[in-house]
Amino acid sequence: MADDIQDYLKSHVFGQPQLKPDEKRSFLGNFRERVALALMIQQLRTVKAESLVRNVLTRYPGLRIYINGRMGKTLINRYLKVAVELDYPFTILAQNGMRVSQPLTEQDFGLVIAGTQKITRPIVL
């Protein structure tokens, strides 16, 4: 009985326990094993990044694009346009409401292409 009360209090004070929350936060809500392509914001600014993303999207249908909504609007619009052009499902994540607010850096992931199953051969991490 005491363990039930203790578990109830913990779940309501601290929230439901999550599996690998830091990993999911860094990969825009995905587990590392489900990620096919993950590019940092500094990599998204390069000339070759857009063609790389296009190639991956045409080769691997059935995945989903996750775009970091805290990036600049020009970067978001560039990759959003690619997703719409190729009729690829996408999600823009702003990650508001987190307990820890950290400033966005160039080493944060800006774009993640992931699926719902484990990916055996990730392209770029």
Side-chain angles (χ1 to χ4, degrees):
M1 179 84 166
D3 287 339
D4 294 337
I5 295 171
Q6 197 73 9
D7 291 340
Y8 178 82
L9 288 173
K10 282 183 183 178
S11 70
H12 283 76
V13 171
F14 301 114
Q16 291 294 328
Q18 296 181 7
L19 184 65
K20 300 180 184 179
D22 292 332
E23 181 178 305
K24 285 183 74 174
R25 194 171 16 260
S26 66
F27 286 103
L28 303 178
N30 294 288
F31 292 112
R32 182 183 185 118
E33 64 190 21
R34 296 179 181 175
V35 173
L37 175 72
L39 296 173
M40 292 183 279
I41 295 172
Q42 69 183 18
Q43 293 171 319
L44 290 175
R45 296 185 196 281
T46 63
V47 179
K48 296 178 182 181
E50 187 174 338
S51 64
L52 174 67
V53 170
R54 281 182 185 276
N55 289 339
V56 170
L57 295 180
T58 54
R59 273 186 163 174
Y60 301 97
L63 301 179
R64 185 175 200 84
I65 300 174
Y66 296 89
I67 299 173
N68 192 335
R70 296 173 54 208
M71 295 188 302
K73 295 209 184 294
T74 55
L75 275 178
I76 291 172
N77 289 338
R78 181 187 307 167
Y79 294 100
L80 188 62
K81 185 174 138 182
V82 171
V84 169
E85 212 173 278
L86 296 174
D87 196 28
Y88 215 85
F90 63 89
T91 302
I92 299 174
L93 299 164
Q95 295 182 339
N96 289 333
M98 293 173 43
R99 289 187 221 164
V100 179
S101 63
Q102 298 174 341
L104 192 64
T105 66
E106 291 289 309
Q107 284 71 40
D108 288 331
F109 287 117
L111 183 133
V112 172
I113 300 175
T116 56
Q117 302 296 321
K118 182 177 179 180
I119 295 182
T120 56
R121 294 179 57 193
I123 299 151
V124 178
L125 285 176

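The distance from atom CG of L93 to atom CD1 of I67, rounded to the nearest 0.5 Å, is 9.0 Å. Here the straight-line distance linking atom CG of L86 with atom OG1 of T58 works out to 7.0 Å at 0.5 Å rounding. Remark: L80 CG to I92 CD1 distance equals 5.0 Å, nearest 0.5 Å. Between M40 atom CE and T46 atom OG1 the span is 10.5 Å, to the nearest 0.5 Å.
Residue pairs meeting the side-chain hydrogen bond (donor to acceptor under 3.5 Å, both in side chains) criterion with at least one partner in residues 80-93, sequence neighbours excluded, are R54-E85, R64-T91.
Side-chain contact between V82 and I65: absent, with no pair of heavy atoms (C-beta onward) separated by less than 4.5 Å. At least one side-chain heavy atom of L52 sits less than 4.5 Å from a side-chain heavy atom of L37.
What you find for L63 and A36 is that their closest heavy atoms are CD1-CB, 3.8 Å.
Listed by chain and residue number, I41, L44, R45, M71, R78, Y79 satisfy the side chain to side chain contact (heavy atoms under 4.5 Å, CB included) test with L75 (two or more places apart in sequence, or in another chain).
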